[in-house]
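The next block holds one structure in the form of structure tokens; read it before the comments.
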Amino acid sequence: MSIAKTYSPKDFEDKWYQYWMENDFFKSTPDEREPYTIVIPPPNVTGVLHMGHMLNNTIQDVLVRRARMSGKNACWVPGTDHASIATEAKVVAMLKEKGINKKDLSRSEFLAYAYEWKDKYGGIILDQLKKLGASCDWSRTAFTMDPALSEAVIDTFIHLHKKGLIYRGVRMVNWDPKGLTAVSDEEVIRKEVNQKLYYIRYEVKDPESEDGSPQSGSHISHLKSHYLTIATTRPETIMADSAICVNPNDERYTYLHGKTVFVPLINREIPVILDEYVTMDFGTGCLKVTPAHDLNDYELGQKHHLPVIDILNDNGTLNEKAEILIGEDRFIARKKIAKLLDEAGHLEKVEDYKSQVGFSERTDAAIEPKLSMQWFCNMAEMAGPALDYVNNGDVKLIPDKFINTYRHWMENVKDWCISRQLWWGQQIPAFYAPNGAVVVAKTAEEAIEQFNLTPQTRNLQPSDLKQDEDVVDTWFSSWLWPISVFDPSVCGNPEAKGNADINYYYPTNDLVTAPEILFFWVARMIMAGHEFRGEAPFKNVYLTGIVRDKLGRKMSKSLGNSPDPLDLIEKYGADGVRVGMLLCSPAGNDIMFDESSCEQGRNFANKIWNAFRLIKGWSLTPTLSEGEGATNIVAIAWFDARFNEALVEIESNFKSYRLSEALMATYKLVWDDYCAWYLEMVKPAYQQPIDQATYEASIQFFERILKVLHPFMPFLTEELWHDEVFGKREDKDCCIVAQVPTAQQTDEKLLKEIDVVKQVVSEIRNIRNSKQISPKEALKLAVKVNSDIDYNAYSNIISKLANITTLSRTDEKIAGAATFMASRDEFFVPLEGNIDIEEEKESIKKDIEYLNGFLKAVNAKLANERFVQNAKPAIVANEQNKKADAEAKIKILEESLVALG
RNA sequence: GGGUCAUUAACUCAGUUGGUUUAGAGUGUCACCUUGACAGGGUGGAAGUCACUGGUUCGAGUCCAGUAUGACCCACCA
């Protein structure tokens, strides 16, 4: 069987994914093994794969595959999130293109369109994950609006309502005038915006004036005491003013106490109230109070019993209560009203001003504070236990720097507005009687049973009831995810035992997600987990960073700076992209993604591919010359030791979730140790055969390497695994289910001595380099041994790798030779006629100079009495070793200098 | 405004409780080599006042304080 000259991932990636699927390798059912479980952070059902998903899912897949190869029953549950606002917005836009207005549809008609949309586009992202190699148990694919999962949401609502944790109330909410829904505080993105600060004059009612009516505009500018000035960024809301507020301690305004003023343009009379809330040194010291359109004003209004005048429609246009500019959009109204005020002489000045404005995360519309009746979930009670899990380490955050942020949020948690004025989602299980009474129940029938308990609402029919139009916030379903994917029926029923799945897989092991949804999602999952299962839903939370481009900008569609992941896979292969992503992604830090790292990943794959080609191309011979045999025995023993050493390192990196370091350790093991050193040691001369024993050892090493590589590069390793050089494989004998080797004891002495051997080889190559001697020109080497290393054992290796004819021992320095030191031993490469004495001397002097500098530092330490007294004995001993070592080397070098004349 | 975290070679990052040869890796860069696994290769170099300023200590990239820059979170100054 021949093998392609270069690595060509397209030839086999799809093939192996299909093979894994057909053989149910991703599938998991409870058994006697220890489970290892991950639930996917469900991507939006309408989403397409972006670089963030790539990173996130590569990490999950590496963890799952590694667990699968470590004797665990690995289960990675995939699925999608219905993402109510985002999806509904997309469906509405799609309908609009077709000329259909959402308002003209009934709820069920709209939902039919929405499901149609979901069926068409909903699976795309999951199929894309398959390209990446994601080893999810697809038979468990879940959707947050699956009937059973939706029922879990309803049961949860009812359960929490019964506990008194869900309530209904009028609150100031963040209103999205574009999405026409309330959004939670967390869905509001604050951005700094350049605005204008308008200084507006309000006329003060003059009790001495006969009729008390406002003066004309031109008049007031001359009578300073007859008006006051307020500063606002929102002049369009003056029609909603209920009062003007000044600080009672503000002496400038004592004359206003008890007075009333007129709202400009509409001349409505409002009182001046006093409250210390107003900061005297900000703006003018006068504050307009607009309870309907500002949270703080609302609270101030409540305190002073002011009327609430709501002048805005749900879509952000002015309503008839505004009296003027009715029907205009709030932003257009702002400009127009500024003009009107100016014309009427009420606009004193306009200043540029920067301030924070909230925008809807989903629609990017400026958020409007709005009073409305909403459903809320009390968080304070549930936050306590959720905080404890993290505080006491039951749930570990990786990296742990996020604990502070988490703690801060949980200690200052606010109630959660859970109702959304949308149709796409779980409809709130609340029913209204004709008289306005409301009960929470699963069905209309159950609601009637409850209504029958009160005289006013007895004997109602289901058709008399009206269900709440709103749906719950998407997060109110996704916080159940780690439970509901296994057994939705336990949500809302803390007493339930649960099915076999949940008892086996829950709590899950690792959750891999982005820090920005630590509160939205992670914290709430912990709350729900505690509520319904009495324990947190996962043990470790691995927080990935944001994927940014080279310039540090967040990758986004709108910037167009994000490569299409599928293009990358096409170009570099899935394995190459996986390696590329992992190489530059430490946990919790943003990753500065650069396509060149995928290239590095692909090059690595190619290197492995070609190392394999080399081995595969060897022909066999049962016997070998004595020298080669000896070389190979040492090489095999050394690589075995080195492999075990690397395994220990990789294992420990995995344990501490340092995936990029685990990968880098693997990378070096393969590239440097196996390819650059081991294979070069045992490689027969061109077209020469290799002995059976070495061949078998090399193959075995390669197979062990494939196992270690598999979690990172599943496709390539599976492809090579099935090559005939490994012998005939049984049907289910696949790399994906092979077990990673466990580390054996390593031969420390051998590892150390080979390090010296490598150094010797490097030094000789260095000499060739600097003296322009071709690698093909064989050289002689002599060594004056001062250490306890037996170079006879390694002479064959050195000869082969450095093209040395003979390695002889000498007790005297050799003149006319290039020299170097390795360990404490002196090496001589005789180069008659090719030695520049002065150059040699210079080089030796340089070495001595370095060692002297080094020695000086060590001596300074040792001469310091306090160091010797205070430092740990081992440290002091080490310093003494360093000193002795440096002194010995200096002595040898000085002798060499003398010998050179 | 308050808080959290970061700042180490051109780039991306390690540096594990302060001492482990006067700071390491990968990539890139430079020089040379290369028809025999691989130019997507090999060998060997160069490259860092560990952001800055103080402090603690026998000893600081590592601990403390402050400064600068950046990122994120929180916050009602109209």
Side-chain angles (χ1 to χ4, degrees), chain A residues 3 5-7 190 197 230-234 245 277-279 281-284 286-290 294-297 299-300 353 355-356 399 401-405 408-409 412 515-516 518-519 546 548 550 552 583-586 588-594 596-597 599-600 602-618 652 656 658 660-661 664 667-668 671 675-676 679-680 683 685-687 761-762 765-770 772 774-776 850-851 853-858 860-861 864-872 874-876 878-879 881-883 885-886:
Chain A
I3 177 165
K5 190 174 172 183
T6 48
Y7 158 72
R190 294 195 173 269
L197 194 56
I230 60 98
T232 179
T233 52
R234 303 198 57 190
C245 188
Y277 165 76
V278 178
T279 343
D281 51 9
F282 186 85
T284 62
C286 294
L287 172 71
K288 72 195 264 298
V289 185
T290 319
D294 185 279
L295 181 57
N296 304 297
D297 289 13
E299 281 162 10
L300 203 54
Y353 186 72
S355 72
Q356 299 273 321
K401 65 177 178 183
F402 287 105
I403 292 178
N404 280 335
T405 332
H408 183 262
W409 192 77
N412 298 284
E516 61 227 53
L518 193 56
F519 313 132
I546 296 167
R548 297 175 181 279
K550 265 195 205 169
L583 276 176
C584 55
S585 61
N589 281 351
D590 289 356
I591 91 161
M592 302 297 166
F593 181 78
D594 184 347
S596 65
S597 66
E599 195 180 333
Q600 191 185 349
R602 186 255 277 138
N603 292 355
F604 182 41
N606 189 58
K607 184 73 185 178
I608 297 163
W609 185 263
N610 277 290
F612 184 75
R613 279 182 66 216
L614 172 68
I615 298 177
K616 196 175 159 59
W618 282 337
S652 108
S656 49
R658 298 160 176 241
S660 47
E661 283 180 57
M664 186 44 72
Y667 182 95
K668 286 189 213 166
W671 201 308
C675 295
L679 287 179
E680 292 300 328
K683 188 163 106 177
Y686 181 52
Q687 290 192 330
V761 170
S762 286
R765 285 170 177 168
N766 205 352
I767 287 168
R768 287 182 191 277
N769 242 336
S770 62
Q772 307 273 313
S774 161
K776 287 177 185 165
Y850 170 85
L851 284 166
F854 174 70
L855 190 60
K856 208 174 142 194
V858 175
K861 266 191 195 177
N864 185 331
E865 271 180 43
R866 287 196 281 185
F867 167 72
V868 180
Q869 276 168 13
N870 296 332
K872 283 179 223 155
I875 303 292
V876 178
N878 187 48
E879 290 301 314
N881 276 340
K882 277 152 79 174
K883 177 184 159 97
D885 190 50

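Sequence lines set the chain letters: A, B, ... in the order given, protein chains first and strands last, and positions in each chain run from 1.
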Got a list of protein N/O to nucleotides 75-77 of chain B N/O distances below 3.5 Å?
residue	atom	partner	partner atom	Å
B:A75	OP1	A:Lys414	NZ	3.1
B:C76	O4'	A:Asn296	OD1	3.4
B:C76	O4'	A:Asn296	ND2	2.9
B:C76	N1	A:Asn296	OD1	3.4
B:C76	O2	A:Tyr277	OH	3.3
B:C77	O2	A:Thr279	OG1	2.4

At under 4.0 Å, does any side-chain N or O of A:Tyr7 touch on OP1 or OP2 of B:A37? no
In chain order, what residues pass the salt bridge (charged side-chain N to carboxylate O under 4.0 Å, His left out) check against A:Lys861, with sequence neighbours excluded? A:Glu879
Contacts of type salt bridge (charged side-chain N to carboxylate O under 4.0 Å, His left out), residue A:Lys5, not counting sequence neighbours: none
Protein-nucleotides 1-9 of chain B N/O pairs closer than 3.5 Å?
residue	atom	partner	partner atom	Å
B:U4	O3'	A:Asn404	ND2	3.4

Name the pairing partner of B:U35, where a pair is Watson-Crick or G-U wobble with both distances under 3.5 Å, or state none. none
A correct 5'-to-3' footprint of nucleotides 57-66 of chain B, with B, S and - meaning base, sugar-phosphate only and no protein heavy atom under 4.0 Å, is -B--------
Given atom CG of A:Asn610 and atom P of B:G40, what is their separation to the nearest angstrom? 12 Å
side-chain contact (heavy atoms from CB on, under 4.5 Å) filter on A:Asp294, not counting sequence neighbours, yields A:Asn296, A:Asp297
Just checking A:Asp885: base, sugar-phosphate only, or nothing, at a heavy-atom cut-off of under 4.0 Å? base
For A:Lys856, report the nucleic acid contact type (base, sugar-phosphate, nothing); a contact means any heavy atom under 4.0 Å. nothing
Result for 5'-nearest mapping on RNA chain B, choosing between A:Ala676 and A:Ala886, is A:Ala886
